[in-house]
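Worksheet: the structure to be examined is printed underneath.
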2 protein chains.
Amino acid sequence: MATIRDVAKLAGVSISTVSLALNETGKVNEDTYQRIWQAARDVGYVANPVAQSLKSGRSRLIGMIVGDISNPFFGKILQEVERYAIEKNHLVIVSESRADPERDLAILEQLSGQRVAGVILSPHGRGREYVERISSYRMPIVMLDHKVEGIDADFIGSDNVLASAMLTEHLIRWGHTRIAHIAGITGLWTAEQRMKGFYDTMAASGLPVDDSLVVRGEYDGDLSYTQAMRLLTRPDRPTAILAANNITALGVLQAINDLGLKCPADISLTCIDDVPWSNVISPRLTMAVQSIDEIARVASKWLLERISSRTPEAIAAREHIVDPRLLIGQSCAAPAQFSTKV
Amino acid sequence: MATIRDVAKLAGVSISTVSLALNETGKVNEDTYQRIWQAARDVGYVANPVAQSLKSGRSRLIGMIVGDISNPFFGKILQEVERYAIEKNHLVIVSESRADPERDLAILEQLSGQRVAGVILSPHGRGREYVERISSYRMPIVMLDHKVEGIDADFIGSDNVLASAMLTEHLIRWGHTRIAHIAGITGLWTAEQRMKGFYDTMAASGLPVDDSLVVRGEYDGDLSYTQAMRLLTRPDRPTAILAANNITALGVLQAINDLGLKCPADISLTCIDDVPWSNVISPRLTMAVQSIDEIARVASKWLLERISSRTPEAIAAREHIVDPRLLIGQSCAAPAQFSTKV
DNA sequence: GTGAAAGCGCTAACAG
DNA sequence: CTGTTAGCGCTTTCAC
């Protein structure tokens with residue numbers, strides 16, 4: 001590969017002049033500039049970003065850490081982020097924490113080692129130590145999806161309380177009183193918020209919550225399937241289920257099918273999160289949809305903004321909460337007789 | 001960040017000794033080694049990969065270029081690749097070509113600039129110039145999914161001819177003779193192969209193919225929807241459709257639903273590729289499933305193998321073709337009367 | 001305006 | 001076995 005030295009030789013100038021010229025500093029004569037530019041073209045020169053990184057301490061790489069790469073929600077976000085990044089001449093490194101806080105930290109450490117320009121993190125930990133360790137990095141970090149208290153960084157996510165409140169209310173309107181909630185990962189912000197929205201709305205409607213109907217699905221399809229199986233084979237089974245996210249809902253749907261039940265005739269189902277191609281899933285789910293595009297767009301924008309700022313820390317931490325949209329499907333109906341009378 | 005110099009100072013040795021020690025060359029006394037190791041711990045030393053890359057000309061980064069990041073097929077592959085890579089202490093950069101050959105090349109150029117250790121590429125071009133430009137890189141490249149003739153590189157993909165042959169045969173067995181094929185991206189290997197499997201099987205069964213029933217869906221959901229709409233509103237509409245991939249099939253399904261038709265009563269549908277959570281899509285699709293895990297595993301393994309080899313080019317190009325599996329669903333039935341008599 | 005030189009952090013000859 | 005030295009390719013003062 002051609003180096004700056006080759007260009008200098010061909011143009012008959014020193015390497016520093018080449019650098020000055022190619023970086024458009026305006027400190028070089030127009031004609032020398034032209035000569036250098038021509039020479040660069042001729043030898044096929046393209047700057048070595050590794051050398052630039054070593055010198056500057058920053059690369060044109062940005063990192064993205066998510067819990068589960070294969071979750072389409074993150075796939076979409078990744079896609080948007082990558083498009084935005086490439087436009088700004090950055091490349092993106094993705095890595096997966098598998099919902100493990102230790103892994104969050106370990107990857108962050110590696111990314112920091114690579115001198116990435118910044119990272120978009122969907123954090124899976126909490127507590128003082130976690131917060132401190134994350135805060136110890138000097139690179140710009142934008143937090144996504146899960147909010148962690150105490151971190152002084154930009155955050156972009158959805159109003160999860162509102163999302164499950166909307167859905168719970170929807171179910172209540174249909175006449176359900178015995179509603180189950182298959183929750184997300186214990187301790188995770190989104191999961192807790194969604195649960196809160198559920199409890200709050202039930203309380204506001206004066207409905208009691210049977211705590212045995214609130215179970216952990218951990219945002220995991222298989223576990224949610226098992227939990228749904230348990231719930232649905234109880235003699236006093238719920239008449240409706242609020243699933244914490246798309247993966248959970250699919251597990252539930254699977255359980256419903258396997259038990260030979262009908263949704264919504266036998267059981268109503270709603271969930272938070274968007275399901276890919278939800279319109280071909282039968283029945284079409286009633287859900288609270290997050291605006292993936294908006295989340296991705298704001299996250300990329302804010303990160304790149306900090307990256308290109310000469311004083312990133314001067315920008316106060318921002319927060320962008322996206323309102324979910326209620327999407328009515330065909331997965332809800334009035335409670336079936338035999339279940340309501342329990 | 002602590003550098004090798006800090007460690008040297010603390011341990012009271014020269015920086016080269018530190019380097020030698022930490023790289024486990026076995027050329028350092030046990031006690032000096034211990035002292036250095038201890039010092040490294042104390043100052044919190046961690047090698048700067050950027051400097052290492054500059055020196056060696058290779059980073060511990062691997063690239064992955066796919067057509068569409070949000071396609072769950074690639075999401076899954078990416079996940080597997082990332083897991084394997086991280087295990088081998090590598091990070092992965094993903095980028096999207098959006099099915100544009102020029103972009104393939106442009107990204108490859110950027111990755112090469114970053115001195116990535118290797119790349120996994122799902123290529124979208126063909127022809128001499130494309131092949132030559134790809135071949136000009138010295139880094140290990142493993143090709144995925146789409147096979148490009150003339151490139152001397154490892155290739156991992158499915159037997160696409162077999163896949164569509166299996167499905168076509170399945171439809172023929174059901175008694176279909178008027179079968180439509182919504183094909184993939186023009187010129188792309190997988191698309192051509194799938195089309196070939198279709199034509200070959202029809203010919204082998206002595207069935208004529210109505211060429212107007214073979215249309216381009218370009219692996220695009222919206223376009224496939226439109227094409228399916230056209231096909232299904234023809235007076236002489238087909239009794240079955242073979243969709244080139246999952247995205248295509250979902251578009252078709254959408255069209256079927258929107259037209260108020262029933263699958264499989266009114267129209268049979270099959271597709272190649274796996275659909276995420278296909279078991280909750282109604283009807284369960286009959287499809288040729290590719291073993292994503294196997295593809296991802298072999299690709300990662302081969303790439304990392306070349307990367308860690310001191311003579312990567314000495315390894316002859318390999319090819320691994322995965323046999324698709326026929327997964328019977330409920331999307332096929334005997335042709336309806338009114339259509340067959342056309 | 002242009003060039004010489006120092007140095008980012010690390011590795012690898014080559015001496016000693 | 002350990003230290004000295006010379007870069008990898010680039011940016012950036014600082015002289016001229």
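Residue numbers start from 1 in every chain, and the chains themselves are labelled A, B, ... in the order their sequence lines are given, proteins ahead of strands. Atom set for the values below is all heavy atoms of this structure, side chains included, hydrogens, waters and symmetry mates excluded.
Salt-bridge formation is detected for the pair B/Arg128/B/Glu132: a Lys NZ or Arg NE/NH1/NH2 atom is positioned less than 4.0 Å from an Asp or Glu carboxylate oxygen.
Residues forming a side-chain hydrogen bond (donor to acceptor under 3.5 Å, both in side chains) with B/Ser16 (at least two apart in sequence, or on another chain): B/Ser14. Partners of A/Lys76 under the side-chain contact (heavy atoms from CB on, under 4.5 Å) rule, at least two apart in sequence or in another chain, are A/Gln79, A/Ile292, B/Ser70. Listed by chain and residue number, A/Trp189 satisfy the ring-ring contact (aromatic ring centres under 6.0 Å, His included) test with A/Phe155 (two or more places apart in sequence, or in another chain).
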Identify all side-chain donor-acceptor contacts of residues 293-302 of chain B below 3.5 Å with residues at least two apart in sequence or on another chain.
| from | atom 1 | to | atom 2 | distance (Å) |
| --- | --- | --- | --- | --- |
| B/Glu294 | OE2 | B/His320 | NE2 | 2.8 |
| B/Ser300 | OG | B/Ala296 | O | 2.6 |

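Looking at heavy-atom distances under 4.0 Å, B/Val50 makes no contact with the nucleic acid at all. Within 4.0 Å of A/Ser53, counting heavy atoms only, lies no atom of the nucleic acid at all.
Comparing the end axes of the helix from C/dG1-D/dC16 to C/dG16-D/dC1, each fitted to five base pairs by superposing C1' atoms of four pairs onto the next four, gives an inter-axis angle of 50° (nearest 10 degrees).
For the 3.5 Å distance criterion, the side chains of A/Gln34 and A/Glu30 qualify, holding a donor opposite an acceptor.
A/Met64 is not listed as a side-chain neighbour of A/Ile93, based on a closest heavy-atom distance of 4.5 Å or more.
Between the CG atom of A/Asn29 and the C1' atom of C/dG3 there is a distance of 14 Å, given to the nearest Å. One atom, NZ of A/Lys27, and another, P of D/dC14, lie 11 Å apart when rounded to the nearest Å.
The main-chain N or O of A/Val116 is found under 3.5 Å from a side-chain atom of A/Arg58 such that the two form a donor-acceptor pair.
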Quiz item: Just by protein heavy atoms under 4.0 Å, how would nucleotides 6-16 of chain C read 5' to 3' in B, S and -?
Solution: -BBBBBB----
